[in-house]
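Please read the structure below before turning to the comments.
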Amino acid sequence: MTHSDIPAAPAPSASTPSGAVIGLDIGGTKTRGVRFEAGTPVADESVGSANVQNVTREEAVRNLAELFGRIGGGDVAQVYAGAGGIDTDDDAAALAALIAPHVPGAKVTVVHDSRLLLAAGGASTGVAVIAGTGSAAWGRNSHGAEARAGGWGYLLGDEGSGYWLGREAVRHSLRRMNQGLEPDDLTRALLDSCGVDHPNKLIALFHSPQTGRRFWAQRARLVVEAADAGHAPSQALINQAGRDLAGLAEQTVRQLGIEGPVILGSGLGMNVPRLQEAFRGALAAAGITDVRVLQQEPVFGVLQLVAEQG
């Protein structure tokens, strides 16, 4: 996938770094890479995920090789990568080791992907909330203290995420089946999308090695479409997703002792107005009103993060 219309990068808070900088946003579904030269994005490409929590190491290696083949390695001063599941220094080092061969001599920094989101929102302090394939909140206050909520992965959490919505669509369909009810609009859309003809077949498909986190996260769009068409249970699911994400944000805000801003980003967060409304409403009820929806992709926060490093 080529991003032909490369948006302007945000102005960093310090001087623009010299030399080529590559920013990577490594999500559960895709890896996006942008090459900046003299602070200007000159290449922007996406490939499959290079997150080893979502794909095999071999697949991650292949996807990174494809990406750097498109955006170029070679003369690069720094690579700044944000990825989900970066919870320890060992996690960061393992991913950096996959990146380093493509950029000999470059400084490679790997952080949790929520840091990209906050920077892309033009903030150096505040809370970033990821609502994409997975979900997490991360924040920092003016004293440099950091806090996180969620980001435990789909087996332990990821509430309000694309995966969560996809799974809940399956659960909704199975409950109706158990109650002897005919498939409704959401169930019919789900069956068509999955290529099966009865809700009972969703059980084996859900547990099949042929499907996984990405597959079910991609079914979130069916919930969004059904909600937009007036399907009340789908509307309730999206409203719940917004409230759950707001809960992650509120927890992080309280831990840091700040008032905001809270910045909502990633695929669901940036593109589903109903979820945004529920998110804002739940935070407003908690007394948090400085809430923003990210207006550009998180990877464009890289220049600010590089500049902050000095």
Cut-off 3.5 Å, side chains only: do [X] and [Y] have a donor facing an acceptor?
{"X": "Q240", "Y": "R243", "value": "yes"}
{"X": "T187", "Y": "S173", "value": "yes"}
{"X": "H112", "Y": "D91", "value": "no"}

For residues [X] and [Y], determine if any side-chain heavy atom of one lies less than 4.5 Å from a side-chain heavy atom of the other.
{"X": "V127", "Y": "I263", "answer": "no"}
{"X": "W138", "Y": "I130", "answer": "no"}
{"X": "M177", "Y": "H198", "answer": "yes"}
{"X": "V108", "Y": "Q78", "answer": "no"}
{"X": "R254", "Y": "T252", "answer": "no"}
{"X": "Y80", "Y": "V299", "answer": "no"}
{"X": "R167", "Y": "F206", "answer": "yes"}
{"X": "F215", "Y": "C194", "answer": "yes"}

Can [X] and [Y] be counted as an ion pair, charged N to O under 4.0 angstrom?
{"X": "E66", "Y": "R62", "value": "no"}
{"X": "R140", "Y": "E308", "value": "yes"}
{"X": "R188", "Y": "D192", "value": "no"}
{"X": "E37", "Y": "R35", "value": "yes"}
{"X": "D113", "Y": "R115", "value": "no"}
{"X": "D158", "Y": "R213", "value": "yes"}
{"X": "R214", "Y": "E59", "value": "yes"}
{"X": "R171", "Y": "E168", "value": "yes"}

Can you get from [X] to [Y] by hopping between Ile, Leu, Val, Met, Phe, Trp and Tyr side chains that sit under 4.5 Å apart?
{"X": "F300", "Y": "V129", "answer": "no"}
{"X": "V55", "Y": "Y163", "answer": "no"}
{"X": "L95", "Y": "I71", "answer": "yes"}
{"X": "V110", "Y": "I22", "answer": "yes"}

Let me confirm one number: the [atom1]-[atom2] distance from [X] to [Y], rounded to the nearest 0.5 Å.
{"X": "L117", "Y": "M270", "atom1": "CG", "atom2": "CE", "answer": "8.0 Å"}
{"X": "R219", "Y": "T211", "atom1": "CZ", "atom2": "OG1", "answer": "9.0 Å"}
{"X": "L98", "Y": "N63", "atom1": "CG", "atom2": "CG", "answer": "11.0 Å"}

Give a yes or no on this: more than 12 heavy atoms of other residues, nucleotides or ligands lie within 6.0 Å of atom CD of E259.
-> no

Nearest heavy atoms of [X] and [Y], plus distance in Å:
{"X": "A220", "Y": "G162", "result": "CB-O, 3.6 Å"}
{"X": "G121", "Y": "R292", "result": "O-NH1, 4.2 Å"}
{"X": "V224", "Y": "I238", "result": "CA-CD1, 3.6 Å"}
{"X": "S234", "Y": "L186", "result": "OG-CD2, 3.5 Å"}

Between [X] and [Y], is there a donor-acceptor pair closer than 3.5 Å when you use the side chain of the first and the backbone of the second?
{"X": "R280", "Y": "V291", "value": "yes"}
{"X": "Q296", "Y": "A120", "value": "yes"}
{"X": "S135", "Y": "E159", "value": "yes"}
{"X": "D25", "Y": "P298", "value": "no"}
{"X": "S114", "Y": "A128", "value": "no"}
{"X": "Q276", "Y": "G269", "value": "yes"}
{"X": "N239", "Y": "A278", "value": "no"}
{"X": "S49", "Y": "G27", "value": "yes"}

Cationic tip of R70 above F68 ring, under 6.0 Å, 45° of axis = no

